[in-house]
Amino acid sequence: MTEPDSPGDDLPEGPLEIAICGDLTEREAEITEKLFDVPPGGDCVIYFNSPGGAAYSAYSLASLIKLRGLNATGIVVGECSSAAIWIFAACRRRLVTPHSVLLFHPMKWQSEEHVIIAEAAEWARHFVHLEKDMDELLARLFGVPLETLKPWLNPGSYVTGSQLVTAGLAEAIGLEPLPELMPPPPPKPTAKSRK
């Protein structure tokens, strides 16, 4: 007969790791669930390789990180573009490699819905406000004046990891293991005392 596992035996050592790969909109529910696996104020590492997605998907995920006080470390392992940048900016610590790339651009209006003209007009009115608000939010999340980001946002720019580091928005890392993510070494055996 085996003894039941004690609570916490199945918890990973170190921070919970979350991958944001592909379109945010398609994976929003899955990523949300993973963020809820991190206790409020807890540590997590979020790896990015995403071209972005819907603005409200990104806003929701960034809000969860901030409202739950997560100690999130964001690492761009490939691409972190468009709306995905808001989630990266919401991380307390932001890491990039020299090969990381981020596409900053003005918000794009996309609709796959069949809407009546009055609804389209209302969306257009709202879109003007939303675009300005989201640009200001991105600057607040990065902790910089909007003027710092404007050259990248309009008309849009691919920004390298090195450029982001030069702007003071992230830390540079190489492709070596990060010590804070490695499990602690096993304890060294101690010599048994003789009786």
Side-chain angles (χ1 to χ4, degrees), residues 14-97 99-110 127 130-146 148-150 152-154 156-165 167-173 178 180-181:
L16 184 69
E17 296 180 290
I18 301 168
I20 296 183
C21 300
D23 186 272
L24 287 175
T25 311
E26 295 169 5
R27 300 205 42 234
E28 181 183 359
E30 174 192 343
I31 297 165
T32 297
E33 207 171 292
K34 290 183 179 188
L35 287 173
F36 277 119
D37 286 342
V38 182
D43 297 335
C44 64
V45 178
I46 304 172
Y47 298 93
F48 290 86
N49 187 26
S50 173
Y56 283 119
S57 294
Y59 179 73
S60 172
L61 295 168
S63 295
L64 281 176
I65 292 168
K66 299 305 270 184
L67 293 171
R68 299 185 76 240
L70 301 185
N71 186 25
T73 297
I75 305 175
V76 180
V77 294
E79 174 186 15
C80 179
S81 292
S82 191
I85 296 173
W86 293 325
I87 303 165
F88 180 63
C91 295
R92 287 191 183 165
R93 187 174 183 205
R94 297 179 292 269
L95 307 175
V96 291
T97 74
H99 310 288
S100 300
V101 66
L102 299 89
L103 172 60
F104 288 77
H105 64 77
M107 187 177 294
K108 295 179 182 175
W109 179 358
Q110 179 179 348
F127 185 82
L130 180 64
E131 181 179 32
K132 180 178 181 294
D133 187 50
M134 294 310 265
D135 287 351
E136 290 171 356
L137 172 63
L138 184 61
R140 282 195 312 273
L141 289 171
F142 271 122
V144 296
L146 180 55
T148 303
L149 302 180
K150 275 189 176 178
W152 295 341
L153 288 168
N154 203 351
S157 299
Y158 280 100
V159 177
T160 66
S162 300
Q163 289 174 297
L164 212 64
V165 170
L169 303 180
E171 300 171 50
I173 58 169
L178 294 171
E180 59 266 34
L181 299 180

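- At least one side-chain heavy atom of E17 sits under 4.5 Å from a side-chain heavy atom of L181.
- Between the CG atom of L70 and the SG atom of C91 there is a distance of 9.0 Å, given to the nearest 0.5 Å.
- Taking every heavy atom of both residues into account, A58 and A83 meet most closely at CB-O, 3.2 Å.
- Here the SG-CD1 distance, from C44 to I18, works out to 4.5 Å after rounding to the nearest 0.5 Å.
- Atom OH of Y59 has 12 or fewer heavy atoms from other residues, nucleotides or ligands within 6.0 Å.
- Going from atom CD1 of I173 over to atom OG1 of T73 covers 10.0 Å, rounded to the nearest 0.5 Å.
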Please assess V96 against V165 for the test side chain to side chain contact (heavy atoms under 4.5 Å, CB included), listing each intermediate value before the final yes or no.
CA-CA 8 Å; V96 291; V165 170; 3.6 Å; yes

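- Here the closest non-hydrogen pair linking E180 and P15 is O-CD, 4.4 Å.
- A 4.5 Å side-chain heavy-atom check between T32 and L61 finds at least one atom pair inside the cut-off.
- For R68 against L35, the heavy-atom pair with the smallest separation is NH1-O, 2.8 Å.
- Note: D43 CG to R92 CZ = 9.0 Å, rounded to the nearest 0.5 Å.
- Each of L138, L95, L169, L164 was scored for a side chain to side chain contact (heavy atoms under 4.5 Å, CB included) with F88, with one residue passing: L164.
- Under the salt bridge (Lys or Arg N to Asp or Glu O under 4.0 Å) criterion, K150 pairs with E147, not counting sequence neighbours.
- Side-chain atoms of I87 and F48, non-hydrogen and from C-beta on, do get closer than 4.5 Å to each other.
- For E171, the salt bridge (Lys or Arg N to Asp or Glu O under 4.0 Å) partners two or more places apart in sequence, or in a different chain, are R93.
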Could you please spell out the steps behind the side chain to side chain contact (heavy atoms under 4.5 Å, CB included) verdict for I31 and L64?
CA-CA 11 Å; I31 297 165; L64 281 176; over 6 Å; no

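- Checking side-chain atoms of S100 against main-chain N and O of V76 turns up a donor-acceptor pair under 3.5 Å.
- For the pair N49 (side chain) and E79 (backbone), a donor-acceptor distance under 3.5 Å is present.
- Distance check, rounded to the nearest 0.5 Å: CD of E33 to CZ of R27 gives 11.5 Å.
- Shown here for L24 and I20, the closest heavy-atom pair between the two residues is CD2-CG2, 3.5 Å.
- When atom types are taken as modelled, the side chain of S157 and the backbone of V159 share no donor-acceptor pair closer than 3.5 angstrom.
- In summary, the side chains of S60 and S63 do not present any donor paired with an acceptor at a separation below 3.5 Å, with no hydrogens or angles considered.
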Going through the distances and angles, do I75 and L178 end up as a side chain to side chain contact (heavy atoms under 4.5 Å, CB included)?
CA-CA 11 Å; I75 305 175; L178 294 171; 3.7 Å; yes

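- With rounding to the nearest 0.5 angstrom, the CD1 atom of I46 is 12.0 Å from the CZ atom of R94.
- Inter-residue side-chain proximity for C80 and L102 is flagged as met; some heavy-atom pair is nearer than 4.5 Å.
- By the ring pair (Phe, Tyr, Trp, His ring centres under 6.0 Å) test, F104 is found to be paired with W152, residues two or more places apart in sequence or in another chain being considered.
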Take L141 and I85 through the test side chain to side chain contact (heavy atoms under 4.5 Å, CB included) and record every step on the way to the result.
CA-CA 10 Å; L141 289 171; I85 296 173; over 6 Å; no

